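The shown structure was predicted, so the numbers you read here are calculated from the model rather than taken from an experiment. Order of the sequence lines fixes the chain letters, A, B, ..., with proteins taken first and strands second; residue numbering starts at 1 for each chain.
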There are 2 protein chains.
Amino acid sequence: MPTVSSEELAAAAGVNSAKLRKDFSYLGSYGTRGVGYDVEYLVYQISRELGLTQDWPVVIVGIGNLGAALANYGGFASRGFRVAALIDADPAMAGKPVAGMPVQHTDDLEKIIEDNGVSIGVIATPAGAAQQVCERLVAAGVTSILNFAPTVLSVPDGVDVRKVDLSIELQILAFHEQRKAGEDLAADDVVPPVAAKQPRKGPDGDVPAVMPA
Amino acid sequence: MPTVSSEELAAAAGVNSAKLRKDFSYLGSYGTRGVGYDVEYLVYQISRELGLTQDWPVVIVGIGNLGAALANYGGFASRGFRVAALIDADPAMAGKPVAGMPVQHTDDLEKIIEDNGVSIGVIATPAGAAQQVCERLVAAGVTSILNFAPTVLSVPDGVDVRKVDLSIELQILAFHEQRKAGEDLAADDVVPPVAAKQPRKGPDGDVPAVMPA
DNA sequence: CCATCTTTGTGCACGCGTTCACAAAGGCAT
DNA sequence: ATGCCTTTGTGAACGCGTGCACAAAGATGG
């Protein structure tokens with residue numbers, strides 16, 4: 001039976017082993033003292049807790065370059081996501097196959113959502129169309145929205161929205177780049193907490209309070 | 001002179017006004033007591049600190065759907081980024097215009113980086129090509145990399161990498177979605193800290209220690 | 001010029017998450 | 001079966017970031 005110790009996992013992930021054990025303990029006591037964690041069982045438990053074992057039908061609205069890229073993205077299927085439909089407002093797109101699936105017209109949005117029991121929608125439309133699409137999705141029963149359009153969506157309570165701004169990541173790189181370049185001359189002006197450590201995003205987040213356009 | 005108080009800004013951003021003032025104070029004392037912050041001046045100071053006032057030439061390697069989407073993305077220019085070149089390994093792509101700019105062949109990668117003084121590279125290639133492209137970018141002088149390929153890149157010290165995994169965001173939505181659905185039946189099993197609050201990414205991050213594939 | 005009012009900048013305390021450290025527990029060899 | 005070794009699970013302490021609360025500072029009006 002292949003096992004891992006919290007120490008090994010912590011080293012691999014670059015975190016403290018005690019925190020890792022404590023986090024795991026919230027899921028239950030899946031480890032064996034003196035041995036470690038059964039890899040297969042642990043993977044299953046975490047997958048289940050994160051919802052990876054469920055099947056999540058999603059629709060992608062707005063099949064431009066980005067929408068097409070998302071439709072072709074391989075990482076979705078392996079995480080339990082199934083692209084149920086591709087939807088676009090352009091009648092010329094209707095029926096055209098993208099990622100082995102015919103694009104459908106916006107007119108049928110509501111029916112598609114219902115028929116497939118979709119609760120997660122992805123918006124990859126131009127900024128101008130996003131809010132309207134969002135409202136239709138929500139009205140049709142979608143309760144979680146991933147927004148790639150450069151707009152802030154307003155939604156009723158109970159609906160989750162996550163906004164992906166591709167340029168923010170670049171922004172952060174540029175910030176560090178500036179640091180690298182400038183730290184020879186200006187070794188004084190330190191901005192301690194706000195934006196200093198390492199990266200990634202997670203269920204919760206940390207945003208600098210204000211970010212100018 | 002248009003001004004804002006820390007109170008107004010804090011309310012708009014949904015944060016505590018004291019923290020906001022303290023954060024601003026790290027940039028210097030730009031406020032006026034009894035009045036607030038001069039909007040224009042504040043925007044400039046923050047922009048400068050974040051590196052928005054500089055011109056950052058970037059190259060995008062891998063002009064598939066995603067690369068094309070990035071090339072067309074309007075948000076870059078307004079944040080000080082200038083797409084200096086689009087690079088692809090496919091000879092058939094060479095010379096083809098994407099977002100009003102001819103795609104160049106990978107062979108010229110090093111020359112392009114040098115000629116344009118590029119220090120930030122975006123990788124939007126298939127997973128298999130990413131590491132190799134990464135190494136060539138670094139060898140040519142790039143010190144910050146934004147990686148959209150589903151691979152973990154290894155880079156020498158001094159090079160920053162940020163990985164964007166489009167499915168992680170969906171993952172997080174699905175997690176909350178699962179919560180919504182299940183909280184009626186199972187009001188007990190709580191996973192307290194790891195993954196509960198609200199979203200967004202920032203210069204620093206919070207990752208669940210372990211995330212299975 | 002003084003009084004009053006508003007809002008900043010910040011010392012200090014509280015609270016929460018991380019880390020330490022160890023007792024309990026299971027495996028394994030003798 | 002007994003003892004030793006390894007690793008978990010967790011109580012308790014530490015440290016750090018957040019929020020409170022107030023003094024200092026500037027504006028504004030009389």
Subject >> Value in whole Å for how far the P atom of C/dT19 lies from CG of A/Asp23 >> reply: 11 Å
Do any N or O atoms of the protein come closer than 3.5 Å to N or O atoms of nucleotides 20-22 of chain C, and which pairs are they?
residue: C/dC20; atom: OP2; partner: A/Asn16; partner atom: ND2; Å: 3.2
residue: C/dA21; atom: N6; partner: A/Arg21; partner atom: NH2; Å: 3.2

Original post:
What is the distance from NZ of A/Lys19 to C1' of C/dC16, rounded to the nearest Å?
Top reply: 12 Å
Distances under 3.5 Å between nitrogen or oxygen atoms of protein and nucleotides 4-6 of chain D:
none

Subject >> Basic-acidic side-chain contact under 4.0 Å: A/Arg79, B/Asp165 >> reply: yes
**OP:** Round to a whole Å and report the spacing from OH of B/Tyr37 to C1' of D/dG26.
**Re:** 14 Å
Original post:
Between B/Thr32 and C/dT8, is there a side-chain N or O to OP1/OP2 distance below 4.0 Å?
Top reply: no
Original post:
Only one of B/Asp115, B/Asn116, B/Leu109 forms a side chain to side chain contact (heavy atoms under 4.5 Å, CB included) with B/Ile112, so which one is it?
Top reply: B/Asn116
**OP:** Take atom CE of B/Met1 and atom C1' of D/dT28, then tell me their distance rounded to the nearest Å.
**Re:** 14 Å
Subject >> Integer-rounded Å distance: C/dG9 P and B/Glu7 CD >> reply: 14 Å
Subject >> A/Gln132 CD: over 12 foreign heavy atoms closer than 6.0 Å >> reply: no
**OP:** Check every strand shown and say whether A/Ser6 touches a base, only sugar-phosphate, or nothing at a heavy-atom separation below 4.0 Å.
**Re:** sugar-phosphate
Which donor-acceptor pairs under 3.5 Å do the side chains of residues 34-41 of chain A make with protein atoms, sequence neighbours left out?
residue: A/Tyr41; atom: OH; partner: A/Gln45; partner atom: NE2; Å: 3.0

Original post:
Within less than 4.0 Å of OP1 or OP2 of C/dG17, is there a side-chain N or O belonging to A/Tyr26?
Top reply: no
**OP:** Calculate the interatomic distance between B/Phe24 atom CZ and C/dT7 atom P; express it in whole Å.
**Re:** 16 Å
Subject >> With sequence neighbours excluded, residues passing salt bridge (charged side-chain N to carboxylate O under 4.0 Å, His left out) with A/Arg33 >> reply: none
Original post:
Could you state the OH-P distance from A/Tyr30 to D/dT8, rounded to the nearest angstrom?
Top reply: 16 Å
Original post:
Does B/Thr143 have any side-chain hydrogen bond (donor to acceptor under 3.5 Å, both in side chains) partners at least two apart in sequence or in another chain, and if so, which?
Top reply: A/Glu177
Subject >> Any A/Arg48 side-chain heavy atom under 4.5 Å of A/Tyr44 side chain >> reply: yes
Original post:
Who passes side chain to side chain contact (heavy atoms under 4.5 Å, CB included) against B/Ala18, sequence neighbours left out?
Top reply: B/Asn16, B/Arg21
**OP:** Taking the side chain as every heavy atom from C-beta outward, state whether A/Asn147 and A/Cys134 have any pair of such atoms under 4.5 Å apart.
**Re:** no
Original post:
Over how many whole Å does the gap from A/Leu20 atom CG to D/dT8 atom P extend?
Top reply: 9 Å
